[in-house]
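Read through the structure below, which is laid out as structure tokens, and then see the notes.
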Amino acid sequence: MKKVFVEDVLGMGEGSEVELLGWVRSRRVHGGLVFIDLRDSTGVLQVAVKRGVVDDESFERAREVGREAAVKVRGVVRKDPRAPGGVELQCRSLEVVGDSLDEFPIRKGVGVRFLFDHRHLHLRSPKVTAIMRVRARLVESARRWLREQGFTEIHCPTFITAAVEGGATLFKLDYFGKTAYLTQSVQFYQEAAIYSLEKVYSLQPSFRAEMSRTRRHLTEFWHLEAEMAYAELEDLMEVVENLVHAMVRGVHEGCQRELRVLGVELDPSMAEPPYPRIKYSEALQILSNKGVEVSWGDDFGADEERVLSKEFEKPFFVTHYPKEAKAFYHMLDPEDPSVCRNTDLLAPGGYGEIVGGGQRIHDYHQLLKRIEEEGLDPKDYEWYLDLRKYGSVPHSGFGLGIERTIWWLLKLPHIRHAALFPRTPARLYP
RNA sequence: GCCGGCGUAGCUCAGCCUGGUAGAGCAGCGGGCUGUUAACCCGUUGGUCGGUGGUUCAAAUCCACCCGCCGGCGCCA
């Protein structure tokens with residue numbers, strides 16, 4: 001097991017002798033002097049290999065070693081202003097653990113397409129590494145906060161038989177002769193679980209078979225969903241804003257180095273609750289004042305979202321959408337049954353929808369009516385309806401897109417940068 | 001699904017408008033170099049110009065269709 005890391009060496013005194021295991025990030029040959037930038041999970045260290053200081057075999061190996069080869073280096077720590085970072089390793093011996101058999105394909109100047117074709121190798125780059133660390137921290141922060149708030153994590157199936165949203169596109173597959181689909185949301189299963197656990201959440205992939213070619217869509221994305229018994233729309237929004245704040249704070253506290261690598265300024269105060277709450281009808285008014293006319297009943301398009309999001313510094317909730325624009329299970333507002341008690345959380349700066357959710361219909365007859373109104377077959381929703389037959393209670397839930405959130409926080413040019421091996425309509429490999 | 005753009009060396013691109021059988025930089029390969037920082041210097045290999053068909057004496061270049069990719073829209077997280 002490896003014990004000494006680049007990070008440790010940077011803190012060591014002049015003259016310390018160490019053995020390092022890492023990868024050759026780059027190599028510069030100057031006749032009798034070879035510089036190797038040695039990379040490991042904690043940083044990069046310049047190794048100076050001088051003819052005469054090392055044995056001839058080590059020197060030859062250093063001269064010939066390929067980029068991204070794995071090497072074991074023994075040497076002495078030296079402070080030297082000529083070295084990047086002011087510290088380098090004076091090499092005493094070098095062994096090749098695993099050489100590079102071909103020229104390493106990832107280089108400065110290659111295009112996005114090429115990078116994603118070689119994503120398995122691209123992952124070694126500092127920026128991708130930083131994004132993955134931010135992602136891990138973000139998810140950890142969410143889990144910790146939810147646990148502290150009394151939520152229980154549950155795990156729901158990926159194979160399903162019916163859609164959550166009637167119209168949304170599902171990936172269809174053969175399940176021993178039956179038709180099955182890949183889940184696009186675990187909401188219905190969570191609604192079943194609240195009758196024992198009361199507050200639940202899941203973190204698992206969702207799938208959308210949409211040919212969406214935009215910088216904010218993946219066909220497979222990690223979905224953080226939660227459902228709460230006895231929670232109404234207002235309770236839900238409080239949970240969402242505090243959760244998002246906890247995630248942003250977590251990244252800010254735990255990822256300073258990564259944010260520096262990515263050149264991202266992250267100010268957690270921009271995610272501090274409370275977030276503005278506007279009703280759909282108010283959003284229409286704001287848009288109208290800006291010269292953008294949307295007729296009542298239509299959902300906002302990307303253009304409208306962008307105009308709207310420029311009006312806010314923080315994420316903001318848009319609530320009470322017309323029922324025509326939303327799925328059947330949303331509870332209608334008793335004061336105005338033409339709108340739902342739902343909410344979308346939109347990120348500022350044109351990043352768009354991060355969270356979608358709302359209060360669910362908990363009355364059996366009302367749910368059945370809405371299913372029929374939408375022209376859906378109640379038989380497809382039998383067990384979902386069944387939940388309303390035995391001790392049904394008001395409840396609310398939401399879904400948050402992990403990659404969307406990372407995309408927004410890190411100001412990434414495309415959501416695919418937020419995933420290890422992203423899946424888009426055109427990307428199934430590697 | 002709709003709209004737009006692109007496809008030329010391993011990579012990044014120029015050449016296309018105005019038709020005359022292909023170029024640069026980087027990488028690779030050979031050589032040199034003891035303080036580089038994407039090292040540098042000298043030399044050098046490398047291409048069915050996405051595919052098919054058409055126009056033409058002649059097509060990377062003009063036309064049609066197809067394929068692939070990229071972005072926007074719709075849909076959503």
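Numbered from 1 within each chain, the chains take letters A, B, ... in sequence-line order.
Listed candidates were rG74(B), rC73(B), rA77(B). Nearest to the side chain of L218(A) is rA77(B). Each of rG71(B), rG28(B), rC11(B) was ranked by its minimum atom distance to the side chain of V110(A); first place goes to rC11(B).
Between R208(A) and rG74(B) there is no side-chain polar atom (N or O) within less than 4.0 angstrom of OP1 or OP2. An OP1 or OP2 oxygen of rG71(B) is reached within less than 4.0 angstrom by no side-chain nitrogen or oxygen of R216(A). When the side-chain nitrogen and oxygen atoms of H414(A) are compared with OP1 and OP2 of rC70(B), none of them lie within a distance under 4.0 Å. The phosphate of rC26(B) (OP1 or OP2) has no side-chain N or O of R107(A) nearer than 4.0 angstrom.
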Report summary line: Under a 4.0 Å heavy-atom criterion, the protein footprint on nucleotides 33-41 of chain B, written with B, S and -, is BBBBBBB--

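Between the P atoms of rG25(B) and rG68(B), the separation comes to 35 Å (whole Å). Remark: the separation of the P atoms in rG20(B) and rC62(B) is 11 Å, to the nearest Å. One P atom belongs to rU45(B), the other to rG10(B), and the distance between them is 16 Å to the nearest Å. For the C1' atoms, the distance linking rG7(B) with rC66(B) amounts to 14 Å, nearest Å.
Checked by distance alone, S212(A) brings no side-chain donor or acceptor within 3.5 Å of a matching partner on the base of rC76(B). Not a single donor-acceptor contact under 3.5 angstrom links the side-chain atoms of T214(A) to the base of rG71(B).
Stacking of K411(A) on the aromatic ring of Y351(A) is recorded, both the 6.0 Å distance cut-off and the 45° axial limit being met.
Nucleotide rC2(B) forms a Watson-Crick or G-U wobble pair with rG72(B), both donor-acceptor distances falling under 3.5 Å.
Electrostatic pairing of R360(A) and E227(A) counts as a salt bridge here, judged by a charged N lying under 4.0 Å from a carboxylate O. Between R27(A) and E68(A), no side-chain nitrogen of the basic residue sits less than 4.0 Å from a carboxylate oxygen of the acidic one, so the salt-bridge criterion is not met.
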